[in-house]
Every structure is written in C-alpha cells, then in structure tokens.
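Down below is the structure, laid out as structure tokens.
The structure displayed is predicted, hence computed values, not measured ones.
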Amino acid sequence: MTQTLAEAPVTSPATEVAQWLHGFGDALARGDIAAACDAFADDSYWRDLVAFTWNLHTAEGRDAIGAMLQANLARVAPTNWQVQDQPSSTDGVTESWFTFETAVARGRGHLRLRNGRCWTLLTVMSELKGFEEKKGPRRVLGAEHGARRDRQTWLDRRQQEEAALGYTAQPYCVIIGGGQGGIGLAARLKRLGVPTLVIEKNPRAGDSWRNRYKSLCLHDPVWYDHMPYLPFPDDWPVFCPKDKVGDWLEMYTKVMELNYWSSTEAQSASFDEASKTWTVTVERQHADGRRETVVLRPTQLVFALGVSGFPSVPKIAGAESFEGQQHHSSAHPGGEAYAGKHCVVLGSNNSAHDICADLWEHGADVTMVQRSSTHIVKSDSLMELALGGLYSEEAVARGVTTDKADLLFASVPFKIMHSFHVPVYEAIQERDKDFYARLRQAGFLLDFGDDGSGLFMKYLRRGSGYYIDVGASELVADGRIHLKSGVNIERILPRAVVLSDGTELPADLLVYATGYGSMNGWVAKIVSPEVADRVGKCWGLGSGTTKDPGPWEGELRNMWKPTQQPQLWFHGGNLHQSRHYSQYLALQLKARMEGIATPVYGQGPVHHLR
C-alpha cells in the first residue's frame, strides 16, 4: 500500500529534514515509487549529476521524477541517506545537506523543503566504490624503504611514463585543449588513474592567457576561480592578471604530473565503430625543434577548447581594401602601437569594453560600435549582491568552502534559476541607478536580459551579451570612448568605415569584438561536419530567449555529459564551471574505463546544429 511521506508534524528544521530523508529513503528501498514521488511538491525539481542517471539531468515535476525512478531505481539501489551538517530554515524553505550511497558510488546532495515536501533535490556522485582517489589515508607512501638493486626513483618512473605515453602505450583519454579546462580535467583523471594525454597547440601551458591583450585580468573574483585540488594562495589578488593566471596553470601542469604535449596540434580524428576507439593524428614539435606526426588511439576523446568555437568575423563589403590593421578581438595584442590613431571596435561586450579602455589608455581615439543592447553590471555590485554569499572572504569565514559553494550553485535548477536572479538585479539597478542613467544618456543600449535575470542567465543561455564593468563604462558614459549605438558597419573604405546610418568614421585599426561560434565547430574541422551535426550545438538551455532558441533542454547542451557521438565529450566553461563539472566528467570516464555499466538516462535529441 502506498504511504505518504509529508504528514507528520515537525518541530525543527533538523527534525523536518530527518523525517523527510528517512521516509524518502524507505520508499526508495522498498521500490515504492509512488510514495517517493509523493514526497515532492507539485512544483518540484530533481537535478542529478551522474549518480542516478549517468548524465547531467533535471527531472521537472512529479511525473518526470517518477519516470526517472522507474527507469533507474532498481539498478542504482540507493541506500544510507544521512543528514550532513545542521539544516536551516529561512522564509518557509528548509535546506539541508545529506550523503547517500548507490550500488557503485558514494554521493552527496542538497535538499530544499517547503511545507514538508521537496521543492528542489540535488544528487551528485562523489566517488566510485573501489576506485577512490588515493588521498588522505589512501595516499601512496612515495619512498621505498629498504635496500634493493635496480631501484627506480620517482623521476625515473615519471620520465618513463612521459616517454611511453602516445608511443608504446596509448592513453585511454585524449584531451584536445590545454587551457584551464583541459588541465583541470586531466588532474582529476590523473588522480583516478586514467591514462590521459593533453594536446595543446601553444608552446607553454598558460599561453592561451599570456597571448591575450596586455591589460586583461579575470573579471570573476579569486574565490570563484580556484583550480581543482590546489586553491590559489590566500594572498592572491581578487582579480588576477592574465600572465599570473598563465604562470599558475604552467606550474599546476607540472606539479600535478600531467602528461601534456605543448606545441602540438590535432590534425584529424575519426572513430572506429568496430574497435570503439579513436584515431587522432597530431603534429608535435619537440623542444629541440624537431617535428613529427604522431597517431594516437584513445578510447575517449574530449574537446576542451573553452566556451566557444572559432572566432566569428563578419563579412563586410570592402574589408579587403582596408589599408589599416584589422583583427578579431582574440588576436588583439594591446594598445601600445595605436597612440594617436583612429580605432573602431565593433561590439559592446566584455572584450570590446576591455579593448576600448586599453586603446584609450594608450592615447588612441577610439569608437565603440554597439549593434544591439548589452547587459552591464558593475564589478563591486556583482561581487557584493550576486556572488558574495557564495564566493567571497565573508563566505569563507562562514564556512562556505569552494566545494560547498559549487554545490549550492548547482542545487538551483536551471528552470527556476532566473527567479533567484531577478531580485538581485533589481537591487543592483536601484543601487547603481545614477550610473545606468549616465550610460543611457550617452546613448548606450542597456538590458538586463529578456526577463531581467541579468548576467549569469545571459551567460548560460547564449554565452554573450554582457560586460562586467571594471572601468570602461565610465569612459563610455563621459564620452572619452566615443559611442555609436544601434548601428552596424555597412562597408569598409581604405581608411574609414561607413555605418548603417551613413556615418563615416576614420579608422586606422578595426577590431572585431564579435564573439565566437559553437564549440562543435572544432569537431567539424578536426573530425567531420557530419559528426559535428550529429552532436549538435553546444551551450545554451533552450530557454526561447534571445539567441537561445527552444525547445527547453533542462541542462546546458552537450556539456560534461554523453553526446550523440559515442565517446566524444565537451568540457569547458569559466573557471568555476571547469573546476566543478570536471569532477563528474572524470567519474564518467573512469567508470567506462573500469567496465562499470553506465546506462545513460535522459539523453535528448539534437535540435540545433551549428
């Protein structure tokens, strides 16, 4: 007989959570899916990161939760649900951490209750049973005490591993892209004992940061940006300069003992259906200048090339006649060479603002061409009102570790995340109303997202359309950076650009701060257009908002989870996302290497290509 789980009166948050978790766990143990679903509110969400679904999947509503359990409960066999830390209650919502186990793994989770029933549930896989990281009491001894001939030192073994991998021994996983994403994932896989090789075209780890324009600093604060396992020192600057980031990544690659081939570029890759392995052909340049073609045969292939694909450069009539310099923002070297020059920057998001400010600081006459509205948020307001509760010195003092902050962030389902952000950006608009008034008076086209949810939802939905103001907006507001808004460049002359309103601007430099394509563009180049289209577009939620066409996906398209191409994965995002979601991607890869069954639940069809 079906029992209900939300009838007993409660007297405290701890009692409420304990009763709910006990009843929920009992229902699952006896296979009573109806009773388990009754523990959820009508408007409820269960977000699972690998533990139940071998996927990143959000079940929205009781029916979807029931379907997910019907498909997975017997196999997963969850047990040992235990409250962790002290539950709390605010504004009618009770929150708690908990732990649990499945047949093959241990996990953690977060719970929000309203009126005795679950509103949001997060379950994540923390480690695989029998394949735990060798940390803490499981760490290796290192030294080999005693005396014996032919002893091998750590350095001997390390050099042998480096010499063999990719030649006499094949990596299980190849990661194309050795920026922070590829490096962080490789560190996770190293700790799990997964033979992994990172391919990076630049000469040194960290060069993807060093090669950007000179003034670049992280726009996100230090607490948000740690790498896995090795947090930045506690005197690290709040906003780290790019070259310092590059040096940290180079150090990290070495001390984490990653197998990292720099000056190496993937030429092609193909998947063999019979052997279920990849053939990846790379061009490698050694430190002595010697070049060679190497054919790798990994089982798993990961593209870790950031948030996006190739630079998007618009085709504009007359571009070939331009006598000045023109380049995409990704190739902008800095403003030193442009003192006294007329510079035009097409675009109005992060890179456009940074480059305009850099050019102005170096004495250029610079004009920003804003084609459509942009979301602007001041850095200090973002830190204090949006990020401060999870990623700040104050949060650390309250015991909110990076791991706990990441899980709290992940515990909010994407379907309702915008409702958490709208009040924050309403407060920011009030706090900085004079600042926004001056920008509008200068002609700048402002927005706060289609639904007023601000920066992070824009980032998730489209990966563009915003600027975290660290000073350039003041230059726009007072006219030191000239602005032409609501227009585009219609044609290019030898020493000028003509805008769609007929305005002619003199130009010695033209910078296209016009964004990037989808990540699967790299797959089209390296694997094939057919495989790229089979996988479909990366990023975006299917929200139906500007530049994020529906239907609703529930999770980010193709990121950190199985794709429609077997054994092909995408890893990326900002430093926070790369750090957090690398754990779940690493566990998926480790499970497959060890032969653990990984039936994927909830893998949706492809709706958009490139």
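- Neither side chain, Asn349 nor Tyr466, offers a donor N or O lying under 3.5 Å from an acceptor on the other.
- A side-chain donor-acceptor contact under 3.5 Å links Tyr338 and Gln325.
- Aromatic pair His328/Tyr512: centroids not less than 6.0 angstrom apart.
- Phe409 and Phe456 have their aromatic ring centers within a separation under 6.0 angstrom.
- Contact check on Glu384 versus Arg431 returns a salt bridge, with a Lys/Arg side-chain nitrogen under 4.0 Å from an Asp/Glu carboxylate oxygen.
- Lys561 places a side-chain N or O within 3.5 Å of a backbone atom of Leu556 that can act as its donor or acceptor partner.
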I'd like to know whether Gln577 forms a side-chain hydrogen bond (donor to acceptor under 3.5 Å, both in side chains) with Tyr459, so could you lay out the CA-CA distance, the side-chain angles of the two residues, the decisive distance to 0.1 Å, and finally the verdict.
CA-CA 12 Å; Gln577 291 171 308; Tyr459 170 69; 2.5 Å; yes

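- Side-chain atoms of Ser500 come within 3.5 Å of backbone N or O of Asn488 as a donor-acceptor pair.
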For the pair Trp560 and Glu555, evaluate side-chain hydrogen bond (donor to acceptor under 3.5 Å, both in side chains) and give the outcome as yes or no after the intermediate values.
CA-CA 10 Å; Trp560 316 294; Glu555 295 284 339; over 6 Å; no

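- Formation of a donor-acceptor pair under 3.5 Å by the Asn520 side chain with backbone atoms of Gly536 is found in this model.
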Could you go through His375 and Phe444, starting from their C-alpha distance and side-chain angles, then the distance that decides it, and tell me whether this counts as ring-ring contact (aromatic ring centres under 6.0 Å, His included)?
CA-CA 10 Å; His375 172 57; Phe444 195 87; over 10 Å; no

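- Two rings, from Tyr584 and His580, have their centers less than 6.0 Å apart.
- Asn202 places no side-chain N or O within donor-acceptor distance of the main-chain N or O of Arg204, the cut-off being under 3.5 Å.
- Judged by distance alone, with hydrogens and angles left aside, the side-chain atoms of Asp469 form a donor-acceptor pair with the main-chain N or O of Ser473 at under 3.5 Å.
- In plain terms, the two heavy atoms of Cys240 and Val245 that are nearest each other are SG-CG2, 3.5 Å.
- A side-chain donor from one of Glu292 and His286 sits under 3.5 Å from a side-chain acceptor of the other.
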With salt bridge (Lys or Arg N to Asp or Glu O under 4.0 Å) as the criterion, how do Asp358 and Lys214 come out once you've worked through the C-alpha distance, each side chain's angles and the decisive distance to 0.1 Å?
CA-CA 8 Å; Asp358 176 57; Lys214 191 173 181 179; over 6 Å; no

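- Geometrically, Lys378 engages Phe435 in a cation-pi contact, judged by NZ or CZ lying under 6.0 Å from the ring centre and within 45° of the ring axis.
- The backbone N or O of Gly246 sits less than 3.5 Å from a side-chain atom of Arg210, completing a donor-acceptor pair.
- Salt-bridge formation is detected for the pair Lys484/Asp501: a Lys NZ or Arg NE/NH1/NH2 atom is positioned less than 4.0 Å from an Asp or Glu carboxylate oxygen.
- Other residues, nucleotides and ligands contribute more than 12 heavy atoms inside 6.0 Å of the CZ atom of Arg610.
- Trp539 does not carry Arg557 over the face of its six-membered ring by the limits of under 6.0 Å from the centre and within 45° of the normal.
- A distance-only check finds no donor-acceptor pair linking the side chain of Gln285 to the backbone of Thr264 [under 3.5 Å].
- For Tyr391 and Asp406, the side-chain atoms include at least one donor-acceptor pair closer than 3.5 Å.
- In this structure, Gln441 places its CD atom where only 12 or fewer heavy-atom neighbours from other residues, nucleotides or ligands lie under 6.0 Å away.
- Shown here for Arg291 and Glu283, the closest heavy-atom pair between the two residues is NH2-CG, 3.5 Å.
- With hydrogens and angles disregarded, a donor-acceptor distance shorter than 3.5 Å links the side chain of Ser582 to the backbone of Ser578.
- Glu474 has no carboxylate O lying under 4.0 Å from a charged side-chain N of Arg480, or vice versa, which leaves the two without a salt bridge.
- The distance from the CG atom of Asp365 to the CG atom of Leu509 is 12.0 Å, given to the nearest 0.5 Å.
- Taking the side chain as every heavy atom from C-beta outward, Asn211 and Pro333 never approach each other to under 4.5 Å.
- The residues Asp508 and Arg495 are annotated as salt-bridged, a charged nitrogen and a carboxylate oxygen being separated by less than 4.0 angstrom.
- For Phe271 and Trp278, the ring centers are positioned less than 6.0 Å apart.
- In this structure, a donor-acceptor pair under 3.5 Å is present between the side chains of Trp223 and Glu393.
- Using a 30° and 60° split on the angle between ring planes, Phe232 and His226 fall in the tilted class, from 30° to 60°.
- Partner of Lys458 under the side chain to side chain donor-acceptor pair (under 3.5 Å) criterion, out of Thr546, Asp447, Asp548: Asp447 alone.
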For Arg212 and Asp207: C-alpha separation, side-chain torsions, deciding distance, then whether salt bridge (Lys or Arg N to Asp or Glu O under 4.0 Å) applies.
CA-CA 9 Å; Arg212 298 300 301 278; Asp207 276 353; over 6 Å; no

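- Going from atom CZ of Phe570 over to atom CG of Leu305 covers 9.0 Å, rounded to the nearest 0.5 Å.
- Results of the side chain to side chain contact (heavy atoms under 4.5 Å, CB included) test with Trp569 over Thr563, Val302, Asn558, Leu301 single out Val302 as the only residue that passes.
- Residues Thr293 and Thr281 have side chains in contact (heavy-atom distance under 4.5 Å, counting atoms from C-beta outward).
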Test log, rule side-chain hydrogen bond (donor to acceptor under 3.5 Å, both in side chains), inputs Thr374 and Ser348:
CA-CA 7 Å; Thr374 307; Ser348 56; 2.7 Å; yes

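- Ring geometry for Tyr436 against Phe448 counts as perpendicular: the plane angle is over 60°, on a 0 to 90° scale with 30° as the lower cut.
- Under a 4.0 Å N-O distance rule, the pair Asp247/Lys244 does not qualify as a salt bridge.
- Side-chain atoms of Gln564 never come within 3.5 Å of backbone atoms of Asp533 as a donor-acceptor pair (strictly under, hydrogens ignored).
- Between His327 and His332, the ring planes lie tilted relative to each other; the angle falls in the 30° to 60° range.
- His571 places a side-chain N or O within 3.5 Å of a backbone atom of Gly181 that can act as its donor or acceptor partner.
- Within the 4.5 Å cutoff, the side chain of Trp236 has no heavy atoms near those of the Asp225 side chain.
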